[in-house]
2 protein chains.
Amino acid sequence: MKVLSKGTVYGLRALVYLATQKDRTGYVSIGEISEKLDISFHFLTKTFQMLTQKGILESYRGPSGGIALNKPAEQIFLFDIVKILEGDDFFDKCLLGLPGCGDFEPCPVHDFWKVAKAALKNEFEITSLAELGAKVTDERLRLSA
Amino acid sequence: MKVLSKGTVYGLRALVYLATQKDRTGYVSIGEISEKLDISFHFLTKTFQMLTQKGILESYRGPSGGIALNKPAEQIFLFDIVKILEGDDFFDKCLLGLPGCGDFEPCPVHDFWKVAKAALKNEFEITSLAELGAKVTDERLRLSA
DNA sequence: TTCTTTTGCGACTAAATACTCTTAAATCTT
DNA sequence: AAGATTTAAGAGTATTTAGTCGCAAAAGAA
Ligand code: SF4
Ligand code: SF4
């Protein structure tokens, strides 16, 4: 039951790392994040480019450049990141792969799935990077499942 | 948010089709199912082989051979099929991809995920092929999302 | 200006998933 | 026995996802 792609998980872990560095001023380089979290530099770079284009991050080139959150970590939610990295339709998918997921002739799991999806969406909407950063330790960010 | 692989969804649709044919005696050929549901014959075949090996289906070769449910559709649950086709660890995966998912220093979504997973698992455990077959029409089985 | 640092971006490679094809084995029909 | 039907099995291909590489562009430092 893989919910998120690798790229999304990497991006998320990286953003949480950023959130834990809030006392530092200026930019954090992708190289540092890649090294600290043991994630491929170039792979991370692509993910960050997307997040920069979508306004989650601000980037700056050159010495002592890097990336930085564009908003306080309290105002960036899992929901925003996942929608960007997994696509807008992420929370609208059907469970069994039949078409519609409308209310017309639903299969037995339809209503359940509707509720489950809504719950997941809500959880993602209320969980901020700051919250994740506060609870997740450095050690746990570094290791990957 | 793709939950199940294509192979699993195909298998599920095919099994539901089988469940709707319970008045027919004997075996239903893979060719017929493949044609009726517009699923690749050989791909389906592989999935069915797995289900046969694991005791969900009974198969028989030769003219008027095919496959048949090994138990009444009322006694076959989504849970059984998904565990076979997606692997035993399907319901034990972590949401954010960090290790452990133990109760030691959980991240903010850990508890939520634990509950959500349990709910999904339970739903799959109580939903039988018969139930799915009773609610899903032929038309909806045929089309894929 | 020239060199270094760092992101941006596109092409390339590898691995996993999804799908196809061929042949063998079992079973029935004639 | 010979041929037809149907599943079993494994190899082969295509598409998607994951990860790598190289160089251009921006910006600071010497
Ligand atoms: S009714 Fe069931 S199979 Fe159909 S779209 Fe909804 S969840 Fe999917
Ligand atoms: S605490 Fe969060 S990130 Fe860690 S294993 Fe549990 S759900 Fe995954």
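A note on names: the letters A, B, ... follow the listed sequences, proteins ahead of strands, and every chain is numbered from 1.
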* **Integer-rounded Å distance: D/dT17 C1' and B/Lys6 NZ** => 14 Å
* Asked: If you measure from the Lys or Arg side-chain nitrogens to the Asp or Glu carboxylate oxygens, is any gap between A/Glu86 and A/Lys93 under 4.0 Å?
  -> no
* Check the distance between D/dA8's C1' and B/Ile67's CD1 and give it to me in whole angstrom. => 13 Å
* To do: Check whether the side chain of B/Arg61 and the base of D/dT6 form a donor-acceptor pair under 3.5 Å.
  => no
* Which atom pair, heavy atoms only, marks the closest approach of A/Gln75 to A/Asp80? -> O-OD2, 4.3 Å
* Asked: Over its full length, what angle do the end axes of the helix from C/dT1-D/dA30 to C/dT30-D/dA1 make, each axis taken from five pairs and the result rounded to 10 degrees?
  -> 20°
* Tell me which residues in residues 39-50 of chain B put a heavy atom below 4.0 Å from DNA chain C, sorted by number, or none. => B/Ser40, B/His42, B/Phe43, B/Lys46
* Where do B/Leu129 and B/Val16 land on the side-chain contact (heavy atoms from CB on, under 4.5 Å) test, with the steps shown first? -> CA-CA 6 Å; B/Leu129 286 186; B/Val16 170; 4.1 Å; yes
* **Listed nucleotide nearest any side-chain atom of B/Gln53, set C/dT7, D/dG28, D/dA9** => D/dA9
* **A/Gly65 vs A/Lys2, nearer the 5' end of DNA chain C by closest nucleotide** => A/Gly65
* Can you say whether the rings of B/Phe124 and B/Phe91 are parallel (under 30°), tilted (30 to 60°) or perpendicular (over 60°)? -> perpendicular
* To do: Quickly work out the B/Leu51 CG to D/dA9 P distance and round it to whole Å.
  => 13 Å
* Structure fact -> Atom CD1 of A/Ile33 and atom P of C/dT6 are separated, to the nearest Å, by 12 Å
* Asked: Around B/Met50, counting heavy atoms of other residues, nucleotides and ligands shown, do more than 12 lie under 6.0 Å from its CE?
  -> no
* Spell out, as yes or no, whether a donor-acceptor pair under 3.5 Å connects the side chain of B/Ser59 to the backbone of B/Gly66. => no
* Between A/Ser59 and C/dG8, is there a side-chain N or O to OP1/OP2 distance below 4.0 Å? -> yes
* Structure fact -> Rounded to whole Å, the CD-P distance (A/Glu58 to D/dA26) equals 17 Å
* Asked: Counting only side-chain N and O atoms of B/Tyr60, is one of them less than 4.0 Å from OP1 or OP2 of D/dT5?
  -> no
* B/Tyr27-B/Phe48 co-clustered via ILVMFWY side chain contacts under 4.5 Å -> no
* Structure fact -> In whole angstroms, the gap separating C1' of C/dC9 from CD1 of A/Ile30 amounts to 12 Å
* Residue mapping more 5' on DNA chain D - nearest nucleotide basis, B/Gly62 or A/Gly7 -> B/Gly62
